[in-house]
S.K.: 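Provided herewith is a single structure, encoded as structure tokens, for subsequent inquiry.
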Number of protein chains: 2
Amino acid sequence: MARLADPALAQRRRREIVEAAMTCFRKRGFHQASMHEICAAAGISAGALYRYFPSKADIILTIAEEDQRATEALIESIAAGADITESLVNIARDVVCRCGENQPLTADVLAEAMRDPALAKRFAGRILEMQERLARAIAAGQRRGSVERSVDPDTAARLVTLMIDGLVLRAAIVGAEGGEQLAAAFRTFVERVLKPAQATSPRRTARLVVSPES
Amino acid sequence: MARLADPALAQRRRREIVEAAMTCFRKRGFHQASMHEICAAAGISAGALYRYFPSKADIILTIAEEDQRATEALIESIAAGADITESLVNIARDVVCRCGENQPLTADVLAEAMRDPALAKRFAGRILEMQERLARAIAAGQRRGSVERSVDPDTAARLVTLMIDGLVLRAAIVGAEGGEQLAAAFRTFVERVLKPAQATSPRRTARLVVSPES
DNA sequence: ACCTGAACACCGTTCAAGT
DNA sequence: ACCTGAACACCGTTCAAGT
């Protein structure tokens with residue numbers, strides 16, 4: 001990758017390439033789409049492309065980071081929002097059901113990160129930051145009383161992000177038809193892990209009073 | 001892939017190829033290892049290999065199915081075993097920490113299933129079966145009283161397998177060093193979702209008796 | 001300074017030719 | 001019947017040559 005003189009042109013070229021790549025990846029998947037196709041879609045030659053991206057893997061990394069920045073914004077909005085359970089379920093539903101759109105890319109990126117250690121390392125940092133943001137949102141929820149106080153916020157955040165990764169992966173494997181079932185399971189999960197104990201079932205005020213068995 | 005006359009030879013050749021492939025995949029990852037390497041390791045020519053496997057993808061599928069049969073056996077042993085929580089945590093620890101061994105293969109397989117629809121379909125069936133086995137084990141645990149009765153066994157099984165997928169993926173990305181933390185998080189998850197409510201903390205016999213707060 | 005596109009090394013897979 | 005290995009089409013990437 002040669003040094004570039006005009007940062008504005010470089011910026012523009014990178015955008016064009018990323019845009020073209022996203023179209024190709026969405027259509028045919030990351031490994032099926034060839035660099036030549038991407039070049040054609042972007043309207044430049046192979047040599048030119050490699051002035052702006054050092055490798056094919058680096059293109060998905062860039063896309064992945066954009067994608068993750070969007071998710072980070074979503075998580076940030078949770079911190080502000082009222083019902084953290086509802087917010088998380090909505091995010092999960094997005095992740096699982098919006099399979100026709102950006103999601104194949106996310107799956108591809110995760111897959112790629114699994115085998116490319118360099119990509120994985122850059123990715124791990126973003127995951128950590130996302131987890132910390134979520135942990136802060138959860139801690140805030142605990143202070144407000146909308147989140148069960150007995151969970152460690154870091155652990156809870158780790159669990160939620162793990163579960164979302166699992167959802168992404170599973171949704172990619174089982175396809176869109178299983179989406180609602182997955183979203184429902186995720187709701188159960190969030191309720192069990194984050195909902196305050198006295199609000200797990202609809203309107204039980206105190207567990208000592210109505211505990212049914214024994 | 002030509003028709004084969006001697007099923008015993010075919011079986012043996014397939015084993016040799018799978019064994020060679022596992023060595024290569026473990027050493028260099030699925031996409032980095034070439035068919036020529038695998039052929040060399042198996043001591044046969046490219047042409048011969050393709051008499052026994054229709055494609056490279058089919059080799060990992062075979063490996064994946066073996067791997068999954070082993071996991072199924074593990075799950076089956078849960079149904080028999082005493083403490084389902086402990087069993088699951090052990091499985092998770094295996095999945096996360098045994099990164100030097102078979103695990104890179106599992107990650108590769110998941111990654112591959114994410115983009116190969118044919119592989120994904122064959123894989124989805126196995127996932128479903130595993131989930132059903134686990135659901136039965138959970139239901140049995142509920143009858144025995146070792147699992148919280150208010151969870152739907154199918155939902156719980158789905159959640160556990162989702163979480164394990166997340167663990168596999170995350171472990172592949174963050175590497176072995178984060179393993180213990182992940183295992184600890186998984187324990188929290190299992191306890192929240194499966195442990196009977198009165199046994200969440202160590203050695204409380206009945207919640208009505210010793211429930212501390214209020 | 002920026003781009004082109006033929007060329008390079010390599011990939012998964014095939015198939016005519018051998019035994 | 002089973003195998004070999006050169007050949008095929010294609011891949012991601014590079015680089016001499018252009019403007």
Side-chain angles (χ1 to χ4, degrees), chain A residues 1-18 20-25 27-63 108-109 111-112 115-119, chain B residues 1-18 20-25 27-63 108-109 111-112 115-119:
Chain A
M1 203 163 69
R3 289 289 164 275
L4 299 162
D6 181 358
L9 173 62
Q11 195 63 20
R12 187 156 50 82
R13 279 272 180 279
R14 280 178 64 91
R15 259 258 70 76
E16 288 165 0
I17 292 165
V18 162
M22 281 175 68
T23 310
C24 294
F25 291 160
K27 243 183 290 192
R28 317 218 303 122
F30 174 64
H31 271 95
Q32 280 66 38
S34 77
M35 288 302 254
H36 293 279
E37 285 178 75
I38 296 171
C39 290
I44 54 168
S45 68
L49 188 151
Y50 278 88
R51 285 175 61 83
Y52 301 102
F53 284 96
S55 72
K56 194 184 186 185
D58 212 83
I59 299 179
I60 14 166
L61 176 63
T62 304
I63 294 174
D108 275 344
V109 165
E112 210 48 33
R115 51 179 145 246
D116 182 340
L119 207 162
Chain B
M1 206 161 68
R3 288 290 163 276
L4 300 162
D6 182 358
L9 173 63
Q11 194 62 21
R12 186 156 50 82
R13 280 272 180 281
R14 279 178 65 92
R15 258 261 70 76
E16 287 165 3
I17 292 164
V18 162
M22 281 174 68
T23 311
C24 293
F25 291 160
K27 242 183 290 189
R28 318 217 305 121
F30 174 64
H31 271 96
Q32 279 66 38
S34 77
M35 289 301 254
H36 293 280
E37 286 178 75
I38 296 171
C39 290
I44 54 168
S45 69
L49 189 150
Y50 278 88
R51 285 176 61 84
Y52 300 102
F53 284 96
S55 72
K56 193 183 187 186
D58 212 82
I59 299 179
I60 16 164
L61 176 63
T62 303
I63 294 174
D108 274 345
V109 165
E112 210 48 34
R115 51 179 144 247
D116 182 342
L119 207 160

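In this text, all values refer to a predicted model and were calculated from it rather than measured experimentally.
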S.K.: Taking the side chain as every heavy atom from C-beta outward, state whether A/T62 and A/I17 have any atom pair closer than 4.5 Å.
M.R.: no

S.K.: Using Watson-Crick or G-U wobble geometry with both distances below 3.5 Å, tell me the partner of C/dA16, or none.
M.R.: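 Answer to the pairing question: D/dT4, which forms a Watson-Crick or G-U pair with C/dA16.
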
S.K.: Of the nucleotides C/dG12, D/dC2, D/dG12, which has the atom closest to the B/M35 side chain?
M.R.: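 Side chain of B/M35 sits closest to C/dG12.
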
S.K.: When you check the phosphate oxygens OP1 and OP2 of C/dT13, does a side-chain N or O of B/Y50 lie under 4.0 Å from one of them?
M.R.: yes

S.K.: Starting from C1' on D/dC3, measure out to CG on B/L49 and report it in whole angstrom.
M.R.: 12 Å

S.K.: Return the 5'-most residue of the pair A/A57, B/S45 with respect to DNA chain D, ranking by each residue's nearest nucleotide.
M.R.: B/S45

S.K.: Out of D/dC2, C/dT4, C/dG12, which has the shortest distance to the side chain of B/D6?
M.R.: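 In terms of side-chain proximity for B/D6, the closest of D/dC2, C/dT4, C/dG12 is D/dC2.
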
S.K.: So do B/L9 and B/Y52 actually touch side chain to side chain, heavy atoms under 4.5 Å?
M.R.: yes

S.K.: State which of C/dG12, D/dT14, D/dG12 makes the closest approach to the side chain of B/H36.
M.R.: C/dG12

S.K.: Between P on D/dA16 and CZ on A/R51, what's the gap in Å once rounded to a whole number?
M.R.: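 Those two atoms, CZ and P, are 15 Å apart.
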
S.K.: Please check: side-chain N/O of B/K56 versus main-chain N/O of B/S34, any donor-acceptor pairing under 3.5 Å?
M.R.: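 The answer is no, because no donor-acceptor pair under 3.5 Å joins these two groups.
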
S.K.: Could you check whether the rings of A/H31 and B/H31 sit parallel, tilted or perpendicular, using 30° and 60° as the cut-offs?
M.R.: parallel

S.K.: Classify the nucleic acid contact of A/A10 as base, sugar-phosphate or nothing, counting any heavy atom under 4.0 Å across all strands shown.
M.R.: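 Nothing, no nucleic acid heavy atom in range.
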
S.K.: Should C/dC11 form a Watson-Crick or G-U wobble pair with both distances under 3.5 Å, which nucleotide is its partner?
M.R.: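 Across all strands, not a single nucleotide pairs with C/dC11.
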
S.K.: With the threshold set at 4.0 Å, does a side-chain nitrogen-carboxylate oxygen contact exist between B/K27 and B/E37?
M.R.: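 Looking at B/E37 together with B/K27, the answer is no, because their closest N to O distance does not fall below 4.0 Å.
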
S.K.: Start at the 5' end of DNA chain C and walk down; is the nucleotide closest to B/G47 or to B/K56 reached first?
M.R.: B/K56

S.K.: B/S34 has a side chain; which of C/dT4, D/dC2, C/dG12 sits nearest to it?
M.R.: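 Ranking C/dT4, D/dC2, C/dG12 by closest atom to the B/S34 side chain puts C/dG12 first.
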
S.K.: Expressed in angstrom and rounded to an integer, what is the separation of A/R28 atom CZ from D/dC10 atom C1'?
M.R.: 11 Å

S.K.: Round to a whole Å and report the spacing from CG of B/L9 to C1' of D/dC2.
M.R.: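 About 8 Å, once rounded to whole Å.
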
S.K.: Return the 5'-most residue of the pair A/A48, A/F30 with respect to DNA chain D, ranking by each residue's nearest nucleotide.
M.R.: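 Its nearest nucleotide lies further toward 5', so the answer is A/F30.
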
S.K.: Mind calculating the distance between CD1 (B/I44) and P (D/dA1) to the nearest angstrom?
M.R.: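 It works out to 19 Å between those atoms.
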
S.K.: To the nearest Å, how far apart are B/H31 NE2 and C/dC11 C1'?
M.R.: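 Distance check: B/H31 NE2 to C/dC11 C1' gives 11 Å.
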
S.K.: Please state whether the phosphate of D/dC2, meaning OP1 or OP2, lies under 4.0 angstrom from any side-chain nitrogen or oxygen of B/Y52.
M.R.: no

S.K.: Would one find a side-chain N or O of A/R13 under 4.0 angstrom from OP1 or OP2 of C/dC2?
M.R.: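 It does not, given that no N or O in the side chain of A/R13 lies less than 4.0 Å from OP1 or OP2 of C/dC2.
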
S.K.: Tell me the interatomic distance from B/R14, atom CZ, to D/dC2, atom P, rounded to whole angstroms.
M.R.: 15 Å

